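Note that the numbering runs from 1 along the sequence shown for the chain. We use all heavy atoms of the structure for the numbers below, so side chains are in, but hydrogens, waters and symmetry mates are not. Just so it is clear, the structure is predicted and the values come from calculations on it, not from any experiment.
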Amino acid sequence: MKKVLFSIVASLLLIGQAQAQLAKDNKCKFLGNITTRGQIQPNVGGLKYETLWDQLTCENESKWGTIVNCTVSSAEEGVKKWNWNSSDAHYKWCKQNGVLFKFHCLVWTSQFPSCLKGVTGSKLKEQVGYWMDAVAIKYPDLAVIDVVNEAIKGHAESESGAMDLKNALSQALGNSSNPYDYKWIAEAFRMARERFPNAVLIYNDYNTFTWQKNDFVDLVSSLVKQGAPIDAYGHQSHDLDDYYKNNQISNFGNTLKEIHNSITQKAGKELQCYITEFDISQGDENTYETIMKNTFKPMWEADFVSGITIWGFVNGATWRDNTGLVTSSGSDRSGMKWLKQYMASDDAKNAKAKFCGKSAGGPSLIVSASETTIELGQSVTISAEMEGASQITYSVGGTQIGTGSKVEWTPNESGEFKVEVSTTTSEGKFTSSVTIKVVEVGPYGGKAAVIPGKIEAENYDNGFAGKAFNDLSDGNTCDDFNNFYRSDDVDIKELKDGAVAIGHCQKGEWMNYTVNVVEDGDYDVILRAGTGNSDGGKLTLSVGNTSKEISIDKTGSWGTFDEIKIGTMKLSKGEQVLKLAIDKDWIDIDWISFDKKSGVSDYANNNVITIIPNPASSKIKIFGAGDDVKAEFVSLAGSIVKVSDKSEISLDDVACGVYMLRITTPNETVVKKLVVKK
């Protein structure tokens with residue numbers, strides 16, 4: 001569980017009409033956000049992306065420097081060779097969830113493809129054309145596109161090779177040795193219009209409210225005068241803090257209008273405006289709220305503004321420090337509290353738009369689900385609406401599951417299921433979909449862990465976030481291991497002896513374990529854990545209705561473990577849930593053992609029992625377990641693939657792979673890692 005950020009929330013919500021989305025009541029203006037570190041922001045404190053925002057911009061994944069990794073001889077070759085995976089995933093997610101996908105960006109002289117260094121003339125224009133063609137093949141229905149990013153003099157020029165590329169683009173696209181006549185940008189817009197005849201084409205830049213306001217006006221108006229098919233300009237809006245420092249914040253609305261009027265006057269044409277990268281870098285909550293109130297409200301209520309994209313929303317996982325609207329635990333900061341109140345006001349709901357940002361994608365079939373991840377055996381309600389729609393039909397795997405404005409569906413197996421929704425209006429047939437993940441919840445390996453005995457930390461219950469565990473980071477990554485042992489978001493590390501442990505546990509994270517206490521009584525508890533913190537770590541252990549707060553002193557350098565005597569817990573007989581809740585960053589946990597008072601066995605000694613050989617090919621022998629033994633081969637997916645009551649076991653019916661061998665004796669249960677190679 002690493003140093004990043006993270007309850008399943010009740011709805012999968014779509015363009016501006018879902019109940020919790022902040023811009024749900026305004027029919028034209030969208031309020032969007034971005035991906036974070038290559039992912040749709042994971043749920044944090046009960047929040048999910050689609051419950052707040054109705055538009056998505058990729059922070060980096062759709063930039064040409066991220067996707068283009070080599071020169072090609074055709075767009076089709078680019079489609080096959082270039083790195084589309086992350087961009088494709090976010091585009092697909094937006095299509096499935098009805099969120100408007102804004103493409104960012106086609107041409108930028110920062111974060112550009114390294115393969116274009118030194119490429120000039122017709123060869124460079126050819127490569128730019130192949131790139132735009134490939135984007136059009138991959139995403140033919142793009143509605144809003146940042147065509148050129150940051151071309152004002154001095155912008156996107158400091159990176160090695162960036163200025164050379166700007167000069168080369170000026171020559172190749174604009175036939176000019178002066179990149180500041182912007183002929184190359186005008187040509188880039190013409191090339192984009194050929195590929196995307198129906199998209200809103202945007203020029204995007206920064207410092208446009210303060211230091212380079214006039215440069216921005218001149219550039220945008222120049223493009224219109226050159227006949228560039230530009231539809232809109234984008235204020236990144238990272239300079240709002242400077243605006244505040246200059247004591248101009250109360251006049252912000254007038255500045256916004258002044259810039260728009262100047263562009264309209266100089267260009268002889270009115271363009272629409274997008275706020276493309278809104279953020280406020282403030283740790284002081286009063287200042288943060290003051291800037292938010294004085295900038296967001298005039299932006300939203302300006303009739304020439306079609307939509308606002310906020311540049312990240314969870315503190316600690318944004319491009320600049322202290323720009324998050326919520327804390328890492330999901331608590332609203334002052335700006336978010338104000339934003340929620342404002343977006344529920346009549347001023348926000350009724351804010352007019354000359355250009356409707358939400359309609360950029362055309363009419364939509366709006367689909368929502370009561371939950372997107374459910375436990376096997378539960379039901380989910382799926383709803384759909386579209387003005388002028390005839391009968392709405394819902395299907396899974398080609399089998400119809402219902403019709404009408406909503407259906408209730410109870411899956412009979414686990415897995416991911418795409419619910420296809422379709423209807424017909426006078427404008428044609430429309431389809432949409434929502435993906436429901438169905439998870440079987442229960443003890444790891446299908447059997448409750450036994451107390452007295454040892455419970456391996458990595459063998460938490462099967463399930464999903466908010467049910468079996470809570471994790472504050474996205475993805476199973478710890479040290480150099482990815483998706484190691486388990487494939488959900490709990491971070492697991494391999495230890496030197498081949499065992500595994502939960503790693504980098506953060507405050508607010510927890511894991512559940514289904515356990516079976518054999519008999520009532522007092523149990524001595526030992527925890528094997530580690531922390532490199534000079535002031536140690538803290539966690540809470542609970543079994544049923546009994547809990548104990550645990551403090552851990554520093555165990556040494558990171559990766560060093562110690563067996564910590566917790567004391568005694570009085571436990572009741574029967575199956576119940578054990579919960580490990582982390583109260584202080586950062587802790588690694590290997591196992592926890594319970595020894596019934598007055599007992600003589602050392603349940604904590606996982607080294608008494610040994611498997612030989614390991615790795616093994618034809619058979620194994622278990623030493624140290626005695627004659628009364630039960631061995632269960634558990635796959636990395638948590639399934640029991642073989643059970644034996646012998647200490648010598650044939651592997652003829654066991655496939656090659658890595659297994660956790662759960663060994664149960666009258667005194668204890670231990671888990672050993674076994675590698676089968678044939």
Determine whether D242 and T210 satisfy the following criterion, side-chain hydrogen bond (donor to acceptor under 3.5 Å, both in side chains), listing intermediate values before the conclusion.
CA-CA 7 Å; D242 292 333; T210 50; 4.8 Å; no

Starting from the C-alpha separation in whole Å, work towards a yes-or-no answer on side chain to side chain contact (heavy atoms under 4.5 Å, CB included) for I152 and N207.
CA-CA 10 Å; I152 289 174; N207 280 358; over 6 Å; no

Should I67 and W131 be marked as a side chain to side chain contact (heavy atoms under 4.5 Å, CB included) after you check the CA-CA gap, both sets of side-chain angles, and the distance that decides it?
CA-CA 9 Å; I67 295 176; W131 156 239; 3.9 Å; yes

Would you sort out whether W409 and F417 count as a ring-ring contact (aromatic ring centres under 6.0 Å, His included), showing the intermediate values?
CA-CA 11 Å; W409 178 52; F417 300 90; 5.6 Å; yes

Step by step, work out the side chain to side chain contact (heavy atoms under 4.5 Å, CB included) result for M343 and Q21.
CA-CA 9 Å; M343 294 306 294; Q21 285 179 337; over 6 Å; no

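Under the 3.5 Å distance criterion, with hydrogens and angles disregarded, no donor-acceptor pair is assigned to the side chains of E150 and S110.
A heavy-atom distance below 4.5 Å is found between the side chains of S237 and M299. At a threshold of 4.5 Å between non-hydrogen side-chain atoms, the residues L100 and K358 do not count as touching. Using a 4.5 Å heavy-atom threshold, the side chains of M132 and E194 count as separate. Side-chain contact between W64 and W82: absent, with no pair of heavy atoms (C-beta onward) separated by less than 4.5 Å. At least one side-chain heavy atom of Y233 sits under 4.5 Å from a side-chain heavy atom of F216. Contact check for T373 versus V439: side-chain heavy atoms found under the 4.5 Å cut-off. L325 places none of its side-chain heavy atoms less than 4.5 Å from the side chain of D332. Side-chain contact between W93 and Y49 is present, with heavy atoms from C-beta onward closer than 4.5 Å.
When all heavy atoms of T36 and A317 are compared, the closest pair comes out as CG2-O, 3.0 Å. Smallest separation of non-hydrogen atoms from Y288 and T323: OH-O, 3.5 Å. What you find for L56 and I40 is that their closest heavy atoms are CD2-CD1, 3.6 Å. Of all heavy-atom pairs spanning S221 and I263, the tightest one is CB-O, 4.3 Å. Nearest approach of A151 to Y182, heavy atoms of both residues: O-CE2, 4.0 Å. Closest heavy-atom contact between K29 and D54: O-OD2, 4.4 Å.
With values rounded to the nearest 0.5 angstrom, I374 atom CD1 is found 11.5 Å from K467 atom NZ. Distance check, rounded to the nearest 0.5 Å: CG of D471 to CZ of F464 gives 15.0 Å. Put simply, CG on N214 and OG on S262 are 8.0 Å apart, with the number rounded to the nearest 0.5 Å. To the nearest 0.5 angstrom, H235 atom NE2 is 12.0 Å from I202 atom CD1. Once rounded to the nearest 0.5 Å, the distance linking CD1 of I230 with CZ of R193 reads 10.0 Å. If you take NZ on K102 and OG on S62, they are separated by 10.5 Å, rounding to the nearest 0.5 Å.
Judged by distance alone, with hydrogens and angles left aside, the side-chain atoms of D133 form no donor-acceptor pair with the main-chain N or O of R195 at under 3.5 Å. In this structure a side-chain-to-backbone donor-acceptor pair under 3.5 Å is present from N470 to G508. In this structure, the side chain of Y394 engages the main chain of A384 through a donor-acceptor pair within 3.5 Å. A donor-acceptor pair under 3.5 Å is formed between the side chain of E159 and the backbone N or O of Q111. Side-chain atoms of W84 come within 3.5 Å of backbone N or O of G78 as a donor-acceptor pair. Counting only distance, with no hydrogens or angles, the side chain of E285 and the backbone of S334 share a donor-acceptor pair below 3.5 Å. No donor-acceptor distance shorter than 3.5 angstrom exists from the side chain of S86 to the backbone of G38, with no hydrogens or angles considered.
A salt bridge is absent between K63 and D146: the closest approach of a Lys/Arg side-chain nitrogen to an acidic carboxylate oxygen does not fall below 4.0 angstrom. One finds no salt bridge joining K418 and E416 here, because no Lys/Arg side-chain nitrogen approaches an Asp/Glu carboxylate oxygen to under 4.0 Å. A salt bridge is defined here as a Lys NZ or Arg NE, NH1 or NH2 lying under 4.0 Å from an Asp or Glu carboxylate O, and K153 with D215 fails to meet this definition.
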N/O donor-acceptor pairs under 3.5 Å from side chains in residues 301-313, not counting sequence neighbours:
residue: E301; atom: OE2; partner: K297; partner atom: NZ; Å: 2.6
residue: E301; atom: OE2; partner: Y342; partner atom: OH; Å: 2.7
residue: S306; atom: OG; partner: Q272; partner atom: OE1; Å: 2.6
residue: S306; atom: OG; partner: F355; partner atom: O; Å: 3.1
residue: T309; atom: OG1; partner: Q55; partner atom: OE1; Å: 2.7

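Considering L240, T290, N322, I291 as possible partners of Q282, the one that fulfils the side-chain contact (heavy atoms from CB on, under 4.5 Å) test is I291. For the side-chain contact (heavy atoms from CB on, under 4.5 Å) with T109, the qualifying choice from L169, N149, V148 is L169, the only one to do so.
Annotation: K352, atom NZ; neighbour count of heavy atoms from other residues, nucleotides and ligands within 6.0 Å does not exceed 12. The local environment of CG in N251 is crowded, with over 12 non-hydrogen atoms from other residues, nucleotides or ligands closer than 6.0 Å. Counting non-hydrogen atoms of other residues, nucleotides and ligands closer than 6.0 Å to NZ of K507 gives a total of 12 or fewer. Atom NZ of K27 sits in a sparse spot, with 12 or fewer heavy atoms from other residues, nucleotides or ligands closer than 6.0 Å. No more than 12 heavy atoms of other residues, nucleotides or ligands sit less than 6.0 Å from atom NZ of K437.
The ring of F196 has its center no closer than 6.0 angstrom to the ring center of F103. Ring-centre distance between F252 and F209: below the 6.0 Å cut-off.
Ring orientation note: the planes of W300 and F296 are close to parallel, at an angle under 30° on the 30°/60° scale.
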